[in-house]
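Not measured: the values here are computed from a predicted model. Just so it is clear: chains get the letters A, B, ... in the order the sequence lines come, proteins before strands, and each one is counted from 1.
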4 protein chains.
Amino acid sequence: MSIKIGVIGCGYWGPNLIRNFAENENAELIWLCDLDENRPLTFKRRYPTIKTTSNFQDLIDDSTLEAVVIATPVTTHFPLAKAALEAGKHVFVEKPFTASVKEAAELVELAAKKGLNIFVDHVFLYTGAVRKIKTLIDSGELGELLYFDSTRVNLGLFQRDINVVWDLAPHDFSIMDYLIGREPQQLSAVGSSHIAPDIENVAYVICKFDDEFIAHFHFNWLAPVKIRQMLIAGSKKMIIFDDNEPSEKLKIYDKGVDTTGDKESAYETLVSYRTGDVWIPKIDGTEALKSACHEFLLSIIEKRQPFTDGEAGLRVVRMLENAQISIKNGGNFVKV
Amino acid sequence: MSIKIGVIGCGYWGPNLIRNFAENENAELIWLCDLDENRPLTFKRRYPTIKTTSNFQDLIDDSTLEAVVIATPVTTHFPLAKAALEAGKHVFVEKPFTASVKEAAELVELAAKKGLNIFVDHVFLYTGAVRKIKTLIDSGELGELLYFDSTRVNLGLFQRDINVVWDLAPHDFSIMDYLIGREPQQLSAVGSSHIAPDIENVAYVICKFDDEFIAHFHFNWLAPVKIRQMLIAGSKKMIIFDDNEPSEKLKIYDKGVDTTGDKESAYETLVSYRTGDVWIPKIDGTEALKSACHEFLLSIIEKRQPFTDGEAGLRVVRMLENAQISIKNGGNFVKV
Amino acid sequence: MSIKIGVIGCGYWGPNLIRNFAENENAELIWLCDLDENRPLTFKRRYPTIKTTSNFQDLIDDSTLEAVVIATPVTTHFPLAKAALEAGKHVFVEKPFTASVKEAAELVELAAKKGLNIFVDHVFLYTGAVRKIKTLIDSGELGELLYFDSTRVNLGLFQRDINVVWDLAPHDFSIMDYLIGREPQQLSAVGSSHIAPDIENVAYVICKFDDEFIAHFHFNWLAPVKIRQMLIAGSKKMIIFDDNEPSEKLKIYDKGVDTTGDKESAYETLVSYRTGDVWIPKIDGTEALKSACHEFLLSIIEKRQPFTDGEAGLRVVRMLENAQISIKNGGNFVKV
Amino acid sequence: MSIKIGVIGCGYWGPNLIRNFAENENAELIWLCDLDENRPLTFKRRYPTIKTTSNFQDLIDDSTLEAVVIATPVTTHFPLAKAALEAGKHVFVEKPFTASVKEAAELVELAAKKGLNIFVDHVFLYTGAVRKIKTLIDSGELGELLYFDSTRVNLGLFQRDINVVWDLAPHDFSIMDYLIGREPQQLSAVGSSHIAPDIENVAYVICKFDDEFIAHFHFNWLAPVKIRQMLIAGSKKMIIFDDNEPSEKLKIYDKGVDTTGDKESAYETLVSYRTGDVWIPKIDGTEALKSACHEFLLSIIEKRQPFTDGEAGLRVVRMLENAQISIKNGGNFVKV
């Protein structure tokens with residue numbers, strides 16, 4: 001079975017989507033659309049039968065088209081997805097899902113009413129590394145989770161329409177949402193704008209939960225080196241996920257602190273340190289976007305919700321929106 | 001000229017102080033004191049003429065003693081230093097200077113009144129690496145400073161009487177105080193206590209200033225690996241200081257973003273990226289504590305304030321105390 | 001001006017050549033040839049006007065074709081290049097140039113007689129890193145060259161027709177030939193065959209010169225990690241070239257040993273060590289193969305010898321052939 | 001039980017031996033001897049009852065002394081050890097054991113005749129890392145051993161009396177001897193002398209065995225960085241031992257090549273690659289020299305041969321001597 005697909009937005013990330021859907025046997029790539037009409041044309045040589053347009057309405061009006069892939073600036077996600085859903089088409093939306101919680105909630109509701117699928121491209125959840133971490137957490141191997149700390153910095157592409165949080169945090173927020181499996185209770189974000197006014201290029205986000213678990217994020221477009229590092233600590237083991245490493249991305253440390261005695265009192269607690277082996281598991285190297293596209297198509301064929309559905313997109317947008325509110329309030333904590 | 005010295009506290013850090021003062025020709029090491037009377041005795045074999053005691057009053061009462069070195073738990077710094085100053089002796093105090101701003105201020109005032117020197121052992125300010133960074137900042141080579149980000153984490157020794165901020169932050173706060181040369185306006189700190197109640201073993205601190213400069217700190221006793229990394233970014237160049245590196249501790253990146261056009265508007269700002277060479281300067285490898293002890297002695301001999309004086313100690317304690325207040329208030333910003 | 005080009009061999013490396021010649025405005029890509037006729041056809045969609053064949057004679061017979069690019073197994077280089085030269089066409093040959101010195105010499109002679117260009121694709125000589133090293137050597141910044149040490153190991157693709165030396169050494173031998181600028185006097189090679197008989201999968205090569213300069217190479221298809229490291233030491237400075245590093249490939253160390261006193265006697269020589277800064281220069285990131293293809297075309301247009309000509313190819317093949325002889329003789333030195 | 005010990009040579013390495021024997025309860029440190037009479041005196045403050053001399057004959061003549069520890073230049077090992085053995089004392093000799101095979105053999109014979117122990121301080125064999133590797137090899141986990149490759153380079157201390165092979169190779173040769181458990185059949189060594197005449201500061205050594213196993217060593221006093229890396233490959237797993245790493249010294253790779261089909265012919269061999277997890281075992285961090293001193297004392301008390309006995313020292317000296325012969329012969333292979 002083959003789903004008829006159209007892609008809107010052929011710029012930065014679009015070509016990867018086009019390639020993956022073109023090569024997936026469950027998809028039939030029918031339409032390419034971009035405001036810059038030359039962009040779709042460059043794909044015509046490789047995919048000669050494809051239809052191209054600069055008007056997305058052509059896709060909406062094509063009653064044979066079953067799904068639309070949206071890879072455009074975030075502010076356009078809502079109107080494009082809404083139009084597609086109203087026209088009875090499934091949607092695949094690039095992250096971040098929408099520019100606001102209100103938009104996200106409306107799309108989720110609309111899709112439910114229409115019986116259509118929303119897929120949000122939280123692509124990191126389709127990597128072998130994140131899947132492996134999830135397996136380790138679920139198996140209890142890490143013990144009770146203690147903290148989640150992520151650093152995503154580099155000399156990055158400055159964006160004019162969104163700040164560094166909206167640009168980079170969808171990755172880390174979606175990973176945390178998946179791995180930890182619960183939403184923060186409160187969130188604080190602080191940022192600075194060194195390049196252009198009110199477009200934060202460095203930001204720190206802290207999430208508090210209803211216990212001592214804590215999550216922290218460092219986002220930065222103005223760092224001298226690229227760092228892609230997560231620390232995920234459990235009471236039994238700890239993980240470092242370094243996404244810059246070509247093959248040894250995950251290191252699992254059999255390290256920790258064991259406490260005995262009266263744990264109600266710091267002075268009575270007996271602390272002992274544990275240091276054991278380190279393990280670097282082999283991880284599945286399949287291109288994450290390939291798996292994501294596959295899951296989108298399969299969820300349509302199997303008439304079920306996709307793994308990264310509109311609800312997942314909504315939770316991430318809720319964190320983004322609250323981070324933005326906290327930044328504008330000077331960094332005080334916001335209830336999520 | 002040779003200053004007569006007594007050391008109080010011969011435990012963890014004390015032996016390093018003892019060795020450095022014993023080997024410095026401007027010092028004459030007279031007394032060793034520790035509540036555990038066996039500790040000073042172990043040094044007697046190496047320094048047979050030294051006097052030992054378990055009662056610090058013996059040092060206070062020795063009218064020939066000119067200076068006292070205090071390397072005891074932080075809560076005892078104030079009474080010991082006060083007694084020494086009142087007895088007319090200069091004091092060298094381990095970091096953190098005192099357990100509160102009130103104590104620090106009282107000692108600073110007392111020393112001024114008595115015409116005595118307080119030296120606070122912010123030992124990192126005597127390393128070749130930090131001195132080199134200061135030179136680069138002062139020369140204007142970094143341009144305008146943008147942010148300061150420090151990570152100091154490892155599977156550390158859990159302390160019963162102080163949390164991870166009081167344990168580790170004196171290093172980073174004193175470095176920032178020296179390099180940046182101004183105090184933050186507001187400060188927020190968030191922590192979690194996974195090992196023992198109310199003793200935070202992980203904490204994040206953010207400092208805001210009166211402009212877009214921002215400082216951030218990550219302290220952690222429960223991390224699988226040791227990280228000692230600072231990012232110091234200027235508008236012209238950026239520095240990474242990795243204190244884990246045995247020899248290549250500083251990397252100076254000729255990297256940045258240049259902006260032109262109307263900088264009042266994000267949409268009108270023109271951004272261009274700059275990537276040039278990286279430079280790893282040779283740095284002075286002298287033991288920092290040796291230089292610190294030397295500066296203490298020299299400041300007495302030259303009848304001048306030492307480089308890391310009581311005021312410097314007070315500024316660091318002010319940050320520590322405010323961090324503690326913010327942690328207990330759930331992380332909201334505190335005016336410094 | 002545009003040179004009419006045909007590519008023979010569309011397998012592993014061929015697609016890179018096809019793309020680079022197709023995108024170079026000094027080339028007109030006319031023919032693709034491969035024994036497997038399906039391979040050229042896969043390029044037809046992207047380059048619809050291109051002619052394809054499984055018979056290289058079609059290219060020889062096309063009198064409008066001016067140059068042939070040969071990316072086939074090494075044993076076929078000689079007959080293909082010879083036929084092309086005899087038909088009056090310039091040739092671009094993948095490394096290693098030929099399977100023997102005799103073949104290489106015959107082609108060089110033939111090209112000279114015909115007034116045609118041979119270009120050997122020693123592609124590393126077109127990287128920014130190697131060019132930068134050459135500039136540093138030529139400027140005298142390194143001082144007198146002392147040694148060249150290269151390690152090129154990984155869990156590599158086992159080849160059935162050639163051993164690890166013929167597979168990997170063309171890179172390192174061509175780099176040394178370019179940087180050092182003189183041929184070794186003697187050469188020794190030792191290898192072992194752990195996978196298949198008489199196909200060495202690990203080998204060490206040492207080159208001796210007429211003075212104390214020494215060169216050493218480690219080639220390995222059966223190593224647990226990928227190492228691409230060269231040490232190039234001069235009397236004044238030393239370079240480490242780590243080709244695994246994404247951006248900081250070259251480190252230049254201001255380190256060395258200074259000797260004074262009577263240098264004729266070890267006991268009278270006074271030795272002092274010098275340790276200064278390290279410098280990581282920014283290097284040109286242009287794709288090396290793009291520059292190589294450009295140089296081939298330009299050398300034809302400008303009617304001059306290309307930078308990596310048949311003579312360069314011959315010198316590298318001479319080292320390969322002597323390494324093979326030494327391996328088969330048990331590792332004793334062979335006069336080059 | 002406590003062995004009466006005297007140490008000859010209190011220079012570079014001596015203080016470590018003095019400390020370890022002084023702290024071992026099975027030893028009673030009686031004598032310190034050095035040609036420079038001031039050196040032993042500096043230890044007198046710490047060990048006030050110790051006897052010091054600049055004449056080793058004083059130790060020989062002390063009939064209560066049971067064992068002599070020799071940490072002097074290599075050329076003096078033989079006369080000192082011989083005199084000690086003849087006087088009925090056990091000997092602990094720093095590596096390399098002696099300056100020649102002849103000397104080593106004579107000492108081994110003499111000790112056997114006298115019923116005394118010779119201990120050669122191949123200190124690396126007492127590290128947790130090397131012991132762990134040995135366990136892995138002996139358990140069969142690595143499979144059949146394929147090669148051993150060691151790199152030991154840095155900007156090292158130039159020695160006037162011995163070249164880089166005699167200085168550094170005792171470590172690597174003793175490790176290989178222990179891990180591999182058999183002697184090479186042939187050995188080749190090539191070196192260059194850039195600093196002083198006939199004192200090679202860079203050298204490469206290759207060992208051939210009676211099968212396809214191969215060993216290779218790179219020694220260098222004139223390298224810009226310190227590298228301490230061994231690759232030990234088996235048919236099932238491979239190890240990298242990086243002694244520069246503070247804690248993660250050993251990485252065990254579940255990687256390799258599996259071959260099937262007709263292994264007598266390269267063209268018929270079917271090759272498949274295997275890539276699995278990487279494992280970093282925790283290793284015992286006990287100071288190696290402490291364990292070495294303990295083993296020496298225990299072997300005397302238990303009246304048995306020590307783990308690193310004179311035979312082990314002789315095998316290493318045999319490799320050193322043959323390496324020297326090969327270097328002087330221009331690098332051709334020498335039968336061991």
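- Contact annotation for C/Asn332: both backbone and side-chain heavy atoms come within less than 4.5 Å of a heavy atom of chain D.
- Between C/Arg315 and C/Asp177 there is a salt bridge, with a side-chain nitrogen of the basic residue lying less than 4.0 Å from a carboxylate oxygen of the acidic one.
- Listed options D/Trp221, D/Phe213, D/Tyr273 were ranked by heavy-atom pairs under 4.5 angstrom with chain C; first place goes to D/Tyr273.
- Proximity to chain C (any heavy atom under 4.5 Å) is restricted, for D/Ile227, to the side chain, taken from C-beta onward.
- Annotation: cation-pi geometry satisfied between C/Lys134 and C/Tyr178 (NZ/CZ under 6.0 angstrom from ring centroid, within 45° of ring axis).
- Both the backbone and the side chain of D/Leu146 come within contact range of chain C, judged by heavy atoms closer than 4.5 Å.
- Both the backbone and the side chain of D/Leu222 come within less than 4.5 Å of a heavy atom in chain C.
- In this pair, D/Phe217 and D/Phe219 present their aromatic rings parallel. The plane angle is below 30°, not in the 30 to 60° band.
- One side chain, D/Tyr204 or C/Asp149, offers a donor N or O that lies under 3.5 Å from an acceptor on the other.
- With a 4.5 angstrom heavy-atom cutoff, D/Asn201 does not touch chain C via any of its atoms.
- In this structure, chain D has a heavy atom under 4.5 Å from the side chain of C/Gln229, while its backbone stays farther away.
- In terms of heavy-atom pairs under 4.5 Å with chain C, the best-connected choice from D/Asp258, D/Val190, D/Leu231, D/Val153 is D/Val190.
- Between chain C and the residues D/Gln159, D/His194, D/Lys208, D/Lys251, the largest count of heavy-atom pairs under 4.5 Å involves D/His194.
- In plain terms, the two heavy atoms of D/Leu179 and D/Ile232 that are nearest each other are CD1-CD1, 3.8 Å.
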How far apart are the C-alpha atoms of C/Met319 and C/Cys207, what are their side-chain angles, what is the distance that settles it, and do they pass the side-chain contact (heavy atoms from CB on, under 4.5 Å) test?
CA-CA 9 Å; C/Met319 289 182 68; C/Cys207 295; 3.6 Å; yes

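- Between chain C and the residues D/Leu157, D/Val278, D/Val202, the most heavy-atom pairs under 4.5 angstrom are made by D/Leu157.
- One finds no salt bridge joining D/Lys282 and D/Glu248 here, because no Lys/Arg side-chain nitrogen approaches an Asp/Glu carboxylate oxygen to under 4.0 Å.
- Counting heavy-atom pairs closer than 4.5 Å to chain D, the top residue among C/His218, C/His216, C/Met238 is C/His216.
- Looking at D/Thr275, the atoms closer than 4.5 Å to chain C (heavy atoms on both sides) all sit in the side chain, from C-beta outward.
- With respect to the salt-bridge test (charged N to carboxylate O, under 4.0 angstrom), the residues D/Asp254 and D/Arg274 qualify.
- In summary, D/Asp243 and D/Arg152 do not engage in a salt bridge, as defined by a charged side-chain N under 4.0 Å from a carboxylate O.
- Most heavy-atom pairs under 4.5 Å with chain C: of the set D/Thr151, D/Asp198, D/Asp211, D/Asn220, this distinction falls to D/Asn220.
- The candidate from D/Ser193, D/Ala223, D/Ser188, D/Gly191 with the greatest count of non-hydrogen atom pairs under 4.5 Å with chain C is D/Ser193.
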